[in-house]
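All values reported here derive from a predicted model rather than from experimental measurement. Below, each value reflects all heavy atoms present in this structure, side chains not excepted, and no hydrogens, waters or symmetry copies.
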Amino acid sequence: PLVIWLNGGPACSSMDGLFIENGPFRFEMDDDLNFRLKPDPNSWHKLPAYTLYIDQPVGTGLSFTTAQVYPRNDDMLNADFYYFLQQFLHFHSDKFVDGTAMNRHLFFAGESFAGHYNAIFTNHLLKRNAYLRHGDVRIPVKGAAIGNG
């Protein structure tokens, strides 16, 4: 499956999840008080699942826009997220797409305000699946896990 991890906030970077909670590496301090990246034996990518950490809304963490247009409501968040996910699936179609549909199950996971994001993104994807535009990939949402929503 593909698991999309979103941190909450709003505007809290999903790099928290990547490097502190469930990603493949952890920052650990060595005896000289220097931080090093070390493999995390309990990482979610060992489920086995592809795990995608997304900084959103745009402008959060490492995400950026050259247009300097930032979402101000859920409709704009949905449009940005859908566009990103479609582009991601087209770019990685060899791993995730057969014809016009995802060939893997999609799960959302996250914490805090991601409880809101996961719900609105799932609803938006389900609606868009019913009315796909030419070239869009059908995205089968199978579930969500929300911690401390």
Side-chain angles (χ1 to χ4, degrees), residues 1-27 37-149:
L2 173 62
V3 177
I4 293 178
W5 175 268
L6 304 171
N7 270 80
C12 178
S13 174
S14 292
M15 298 305 104
D16 283 2
L18 178 66
F19 290 114
I20 297 173
E21 297 168 323
N22 52 45
F25 301 101
R26 297 261 181 175
F27 282 107
L37 276 178
K38 304 257 177 141
D40 181 358
N42 302 309
S43 170
W44 282 19
H45 83 283
K46 294 185 175 201
L47 290 175
Y50 288 94
T51 309
L52 177 61
Y53 298 82
I54 302 174
D55 278 343
Q56 54 71 52
V58 67
T60 300
L62 301 175
S63 68
F64 66 94
T65 174
T66 57
Q68 301 300 309
V69 176
Y70 299 94
R72 296 180 308 277
N73 57 47
D74 286 351
D75 290 336
M76 293 175 79
L77 281 167
N78 284 332
D80 278 358
F81 185 81
Y82 188 78
Y83 177 79
F84 165 80
L85 195 51
Q86 287 292 327
Q87 294 303 307
F88 175 84
L89 292 173
H90 284 291
F91 189 77
H92 296 287
S93 61
D94 59 319
K95 293 178 188 72
F96 297 107
V97 179
D98 282 334
T100 60
M102 261 185 85
N103 58 11
R104 299 175 183 280
H105 297 307
L106 173 66
F107 294 90
F108 284 99
E111 62 188 357
S112 184
F113 205 70
H116 175 75
Y117 295 140
N118 290 348
I120 67 167
F121 293 158
T122 297
N123 185 51
H124 187 73
L125 289 174
L126 294 173
K127 286 180 181 177
R128 291 298 298 261
N129 282 341
Y131 302 100
L132 289 178
R133 294 182 188 155
H134 178 72
D136 281 357
V137 175
R138 182 176 306 283
I139 302 170
V141 180
K142 290 297 180 182
I146 300 167
N148 193 29

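- In this structure, Trp5 CH2 and Leu18 CG are separated by 11.0 Å, a value rounded to the nearest 0.5 Å.
- Using modelled atom types, one side-chain atom of Gln86 and one backbone atom of Val137 make a donor-acceptor pair closer than 3.5 Å.
- Between Phe96 and Phe88, the distance separating the two ring centers is shorter than 6.0 angstrom.
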- request: Evaluate the side chain to side chain contact (heavy atoms under 4.5 Å, CB included) criterion for residues Lys38 and Phe25: first the C-alpha distance (whole Å), next the side-chain angles of each, then the deciding distance (0.1 Å), finally the verdict.
  value: CA-CA 5 Å; Lys38 304 257 177 141; Phe25 301 101; over 6 Å; no
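- For Ile20, the side-chain contact (heavy atoms from CB on, under 4.5 Å) criterion is met by Asp16, not counting sequence neighbours.
- The CG atom of Leu6 sits 5.5 Å away from the CD1 atom of Ile54 when rounded to the nearest 0.5 Å.
- Listed by chain and residue number, Phe27 satisfy the ring-ring contact (aromatic ring centres under 6.0 Å, His included) test with Phe19 (two or more places apart in sequence, or in another chain).
- No hydrogens or angles considered: a donor-acceptor pair under 3.5 Å links the side chains of Ser13 and Asp55.
- Looking at Ser43, its side chain does come within 3.5 Å of a backbone N or O of His45 through a donor-acceptor pair.
- Counting heavy atoms from C-beta on, the side chains of Ile4 and Leu85 come closer than 4.5 Å.
- Between Ile139 and Leu106 the shortest heavy-atom distance is CG2-CD2, 3.4 Å.
- Between the side chains of Asp80 and Gln56, no donor-acceptor pair of N or O atoms lies under 3.5 Å.
- A donor-acceptor pair under 3.5 Å links the side-chain atoms of Ser63 to the main chain of Thr60, judged by distance alone.
- For the residue pair Tyr53 and Asn22, a side-chain donor N or O sits within less than 3.5 Å of a side-chain acceptor on the partner.
- Using a 4.5 Å heavy-atom cutoff, the side chains of Tyr131 and Asp136 are not in contact.
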- request: Mind running side chain to side chain contact (heavy atoms under 4.5 Å, CB included) on Arg26 and Leu37 for me, showing each step along the way?
  value: CA-CA 5 Å; Arg26 297 261 181 175; Leu37 276 178; over 6 Å; no
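- Residues His124 and Phe121 place their aromatic rings such that the two centres sit no closer than 6.0 Å.
- Of all non-hydrogen atoms in Met102 and Pro140, the two that sit nearest each other are CB-CD, 3.4 Å.
- In this structure the side chain of Ile146 never reaches within 4.5 angstrom of the side chain of Glu111, judged on heavy atoms.
- At least one side-chain heavy atom of Tyr117 sits less than 4.5 Å from a side-chain heavy atom of Pro57.
- More than 12 heavy atoms of other residues, nucleotides or ligands sit less than 6.0 Å from atom OH of Tyr70.
- Contact detail for Pro41 and Lys46: the closest heavy-atom pair is O-CD, 3.6 Å.
- Listed by chain and number, the residues in a side-chain contact (heavy atoms from CB on, under 4.5 Å) with Phe107 are Pro1, Val3, His105, Lys142 (sequence neighbours excluded).
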- request: Take Asn78 and Arg128 through the test side chain to side chain contact (heavy atoms under 4.5 Å, CB included) and record every step on the way to the result.
  value: CA-CA 10 Å; Asn78 284 332; Arg128 291 298 298 261; over 6 Å; no
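- Between Leu2 and Leu52 the shortest side-chain heavy-atom distance falls below 4.5 Å.
- Considering every non-hydrogen atom in both Lys95 and Asn103, the closest pair reads O-OD1, 3.4 Å.
- The closest side-chain heavy-atom distance from Asn7 to Ser14 is below 4.5 Å.
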